[in-house]
Amino acid sequence: AAAAMVGSPMHDAYTAAAPRPEDWSVLVDKTGQLLRQDYDWSAGVATLPMPTLIVVGDADSVRTQHAVDMYGLLGGGQADGAMGGLPRAQLAILPGTTHFTILDRLDLLLPILLPFFDAPLPATMPQAG
């Protein structure tokens, strides 16, 4: 699998940043082992108290339905926000965007990220200190 991914955006990013670019196959092998294990984060996700922003591309390797499911676990999509307050989670699905090109879409990403990061924390959210 590692050889087939040589020249991909992930491989290019890895070789540009890794202290040992020759370990590419080690990374791919370990990632494959991790992805073959069953895991379910839904119980933990549902208990996150902080505001959460989920951003995926519509052509992402992360299925949009998975992002919607995580959004639902955080209280999103359960009711009309205008009728009872907004959920602590937000969901953005960027058009024409993949897992690898999402940072190339700052025209779409920044108008979503900046207001989220600039928003005050809810009064019920523990403050760092």
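Residue indices begin at 1 and follow the sequence shown. The figures here come from the full heavy-atom set of this structure, side chains too, leaving out hydrogens, waters and symmetry mates.
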task = Hey, could you give me the CG/CG distance between Asp104 and Leu94, rounded to the nearest 0.5 Å?
result = 12.0 Å
ask   = Taking the six-membered ring for Trp, are Trp24 and His11 parallel (under 30°), tilted (30 to 60°) or perpendicular (over 60°)?
value = perpendicular
query = Can you name the closest pair of heavy atoms from Tyr14 and Arg20 and give their distance?
reply = OH-O, 3.5 Å
inquiry  = Could you tell me if the side chain of Ile102 sits less than 4.5 Å from the side chain of Leu108, heavy atoms only?
reply    = no
task = Check the pair His99, Val62 against side chain to side chain contact (heavy atoms under 4.5 Å, CB included), reporting the backbone distance first and the verdict last.
result = CA-CA 8 Å; His99 201 68; Val62 175; 4.3 Å; yes
key: Distance in Å, Asp23 CG paired with Thr15 OG1, rounded so as to fall on 0.5 Å steps   = 12.5 Å
ask   = Can you find a pair of side-chain heavy atoms, one from Pro51 and one from Leu121, that are under 4.5 Å apart?
value = yes
task = Output yes when a side-chain donor or acceptor of Arg88 lies under 3.5 Å from a complementary backbone atom of Leu48, and no otherwise.
result = yes
task = Please step through side chain to side chain contact (heavy atoms under 4.5 Å, CB included) for the pair Asp12 and Met10, ending with a clear verdict.
result = CA-CA 5 Å; Asp12 292 345; Met10 189 177 355; over 6 Å; no
remark   = Smallest heavy-atom separation, Met50 atom then Thr52 atom, equals O-OG1, 3.0 Å
note = Tightest non-hydrogen contact, residues Met5 and Ser8, listed as O-OG, 2.7 Å
task = Working to the nearest 0.5 Å, report the span between CE of Met70 and CG of Leu91.
result = 11.5 Å
query = Which atom names give the shortest non-hydrogen contact between Thr101 and Gly96, and what distance separates them?
reply = OG1-O, 4.5 Å
ask   = Which value, rounded to the nearest 0.5 Å, describes the distance between Gln90 atom CD and Leu74 atom CG?
value = 11.5 Å
request  = Report the distance from atom CZ of Phe117 to atom CG of Leu53, rounding to the nearest 0.5 Å.
outcome  = 7.0 Å
key: Donor-acceptor contact present, side-chain Thr47 to main-chain Val45, <3.5 Å   = no
inquiry  = Nearest 0.5 angstrom please: Phe100 CZ to Asp60 CG, how far?
reply    = 9.0 Å
Co-membership, hydrophobic cluster, residues Val55 and Leu106, 4.5 Å side-chain = yes
Check: residues 25-38 side-chain donor-acceptor pairs under 3.5 Å, at least two apart:
from: Thr31; atom 1: OG1; to: Leu27; atom 2: O; distance (Å): 2.8
from: Arg36; atom 1: NH1; to: Gly32; atom 2: O; distance (Å): 3.2

ask   = In the single-linkage hydrophobic clustering (I, L, V, M, F, W, Y; side-chain heavy atoms under 4.5 Å), do Tyr39 and Ile54 co-cluster?
value = yes
